[in-house]
Amino acid sequence: MAAALIVGTFFLVLIGLVIVFLFGKFFNLWLRAFVTRARISPLTLIFMSLRKVNPNVIVDAKINAVQAGLQEISTAALEAHYLAGGNVTRVVRALIAAHRARIDLDWDTAAAIDIAGRDVQDAVRTSVDPKVIDCPDPRHGRTTLDGVAKNGIQLKARARVTVRTNLSQLVGGATEDTVIARVGEGIVSAIGSSETHSQVLANPSLIAQAVLRKSLDAQTAYEIVSIDIADIDVGDNVGARLQADQAEADMRVARAKAEQRRAEAVASEQEMQALTQENRAKVVLAEAEVPMAMAEAYRSGLMRAESNGAASAGSAG
Ligand SMILES: *[C@@H]1O[C@H](CO)[C@@H](O)[C@H](O)[C@H]1NC(C)=O
Ligand SMILES: *[C@@H]1O[C@H](CO)[C@@H](O)[C@H](O)[C@H]1NC(C)=O
């Protein structure tokens with residue numbers, strides 16, 4: 001009987017000590033949650049630390065959320081996000097900012113954006129306060145978008161694109177680089193489809209509007225608010241340069257052909273000279289044969305004369 005009493009007392013004291021210890025450890029947190037009406041029970045706090053979730057982070061986040069009027073975020077959701085490796089503080093701050101700015105952003109979307117590795121606070125900020133991106137991106141070396149109007153004059157333009165994040169498209173949507181590439185492409189083709197460069201110069205906003213109408217922001221994380229042509233300059237006269245290049249090429253071809261004809265003429269002249277020489281040699285040869293022929297003729301004439309003489313002598317005699 002006495003032994004049972006001693007064991008019982010021992011257990012009671014042990015439980016009491018544990019309670020006092022836990023009370024000491026979590027009392028502060030619990031009290032903070034209690035006075036800010038964040039409603040986190042002491043048991044939840046104990047389980048939280050058993051699950052290796054930092055109760056300080058969760059309580060702070062929960063208090064911030066409740067104070068900002070976001071009662072619907074549950075402690076369990078915060079804990080789950082913490083365990084998934086997300087940054088609870090950042091998501092709650094982003095949600096508060098979105099709530100203040102009356103942007104439609106729910107816990108699931110914000111948590112997904114955070115888990116996807118994008119800065120959800122920055123996304124909300126950009127969604128409230130649109131940001132301006134330069135097109136083309138000067139970090140990639142190019143400074144102007146070069147298009148050629150139909151009359152052959154090149155125009156060099158620079159555009160500024162104002163974008164706002166589309167929070168529902170942020171996970172899986174294409175990034176800033178895609179927007180820059182699409183806008184660049186659109187401006188170059190808009191310049192290319194204008195009749196003259198002076199049309200574009202007179203009203204640069206026409207090409208900006210043409211680009212804006214193409215809804216280039218589809219499938220990207222952004223919504224394009226506006227596209228503005230920051231500046232536009234006249235570049236080369238590409239048409240004239242091409243014509244000059246063509247004329248130059250034509251001239252080279254003609255020169256090559258003339259050269260060929262000249263070479264042919266030289267060759268045929270040399271052939272003629274050779275022929276002349278040959279003929280002259282033949283003449284010389286023929287001339288050389290004349291005295292011989294004459295001698296021959298003479299000799300044969302003499303012989304004929306002799307034989308004639310003999311015959312006449314015979315007839316005479
Ligand atoms: C969570 O985000 C906040 C605010 O962006 C930052 O100060 C903090 O260091 C982050 N915590 C972790 C664990 O990354
Ligand atoms: C954001 O993206 C969704 C899905 O593509 C679209 O329906 C919505 O209109 C976009 N919001 C804005 C503000 O562009």
Side-chain angles (χ1 to χ4, degrees), residues 29 32-33 36 38 40 45 48-70 73-133 135 159-183 185-186 208-228:
L29 272 179
R32 266 175 61 207
T36 51
I40 303 181
L45 289 174
M48 233 183 251
S49 59
L50 289 180
R51 282 194 287 260
K52 291 237 161 32
V53 173
N54 184 349
N56 280 310
V57 173
I58 304 293
V59 170
D60 282 347
K62 178 86 181 180
I63 289 173
N64 281 343
V66 169
Q67 293 283 301
L70 296 168
I73 300 174
S74 71
T75 314
L78 292 171
E79 251 190 278
H81 189 61
Y82 186 97
L83 287 171
N87 187 331
V88 173
T89 316
R90 192 178 292 170
V91 173
V92 167
R93 281 188 195 162
L95 282 170
I96 292 171
H99 180 73
R100 294 254 159 86
R102 297 186 200 294
I103 291 173
D104 206 14
L105 178 66
D106 57 14
W107 168 265
D108 288 341
T109 312
I113 293 170
D114 186 49
I115 292 287
R118 295 222 177 161
D119 188 342
V120 59
Q121 261 183 290
D122 186 52
V124 170
R125 208 174 297 133
T126 313
S127 168
V128 180
D129 178 20
K131 76 170 166 180
V132 176
I133 48 187
C135 180
R160 315 193 102 203
V161 187
T162 311
V163 294
R164 197 156 50 197
T165 34
N166 183 342
L167 291 166
S168 63
Q169 286 268 66
L170 201 58
V171 176
T175 57
E176 204 175 301
D177 286 343
T178 310
V179 174
I180 293 175
R182 285 188 189 169
V183 170
E185 225 168 80
Q209 279 158 19
V211 176
L212 203 53
R213 271 199 298 274
K214 288 189 192 165
S215 65
L216 300 173
D217 46 10
Q219 303 298 319
T220 67
Y222 297 101
E223 175 200 355
I224 295 180
V225 179
S226 78
I227 297 174
D228 303 287

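As the structure lists them, so they are numbered: ligands from 1, and atoms in each ligand from 1. Worth knowing before you read on, the calculation uses all heavy atoms, side chains too, and leaves out hydrogens, waters and symmetry mates.
- Contact annotation for atom 14 (O) of ligand 1: protein present (non-hydrogen atoms, distance under 4.0 Å).
- Counting non-hydrogen atoms of neighbouring residues, nucleotides and ligands closer than 6.0 angstrom, the CZ atom of Arg32 exceeds 12 such neighbours.
- Ranking protein heavy atoms by distance to atom 5 (O) of ligand 2, first place goes to Gln169 NE2, 3.2 Å.
- The contact set between ligand 1 and Arg93, taken as ligand atoms under 4.0 Å from a residue heavy atom, comprises 4 (C).
- Remark: ligand 2 atoms within the under-4.0 Å shell around heavy atoms of Ser168 are 1 (C), 2 (O), 3 (C).
- The local environment of CZ in Arg100 is sparse, with at most 12 non-hydrogen atoms from other residues, nucleotides or ligands closer than 6.0 Å.
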* Please lay out, stage by stage, how Glu176 and Lys131 fare under the test salt bridge (charged side-chain N to carboxylate O under 4.0 Å, His left out). => CA-CA 11 Å; Glu176 204 175 301; Lys131 76 170 166 180; 3.0 Å; yes
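- Nearest approach of Val124 to Ala98, heavy atoms of both residues: CG1-N, 3.7 Å.
- No side-chain heavy atom of Asn166 sits under 4.5 Å from any side-chain heavy atom of Asp217.
- Counting protein heavy atoms under 4.0 angstrom from atom 7 (O) of ligand 1 gives zero.
- From the protein, the heavy atom lying nearest to atom 1 (C) of ligand 2 is Asn166 ND2, 1.5 Å.
- The shortest distance between side-chain heavy atoms of Lys214 and Val211 does not fall below 4.5 Å.
- Residue contact check: Gln121 has heavy atoms under 4.0 Å from atoms 4 (C), 5 (O) of ligand 1.
- Considering backbone and side-chain N/O atoms, Asn87 comes within less than 3.5 Å of an N/O atom of ligand 1.
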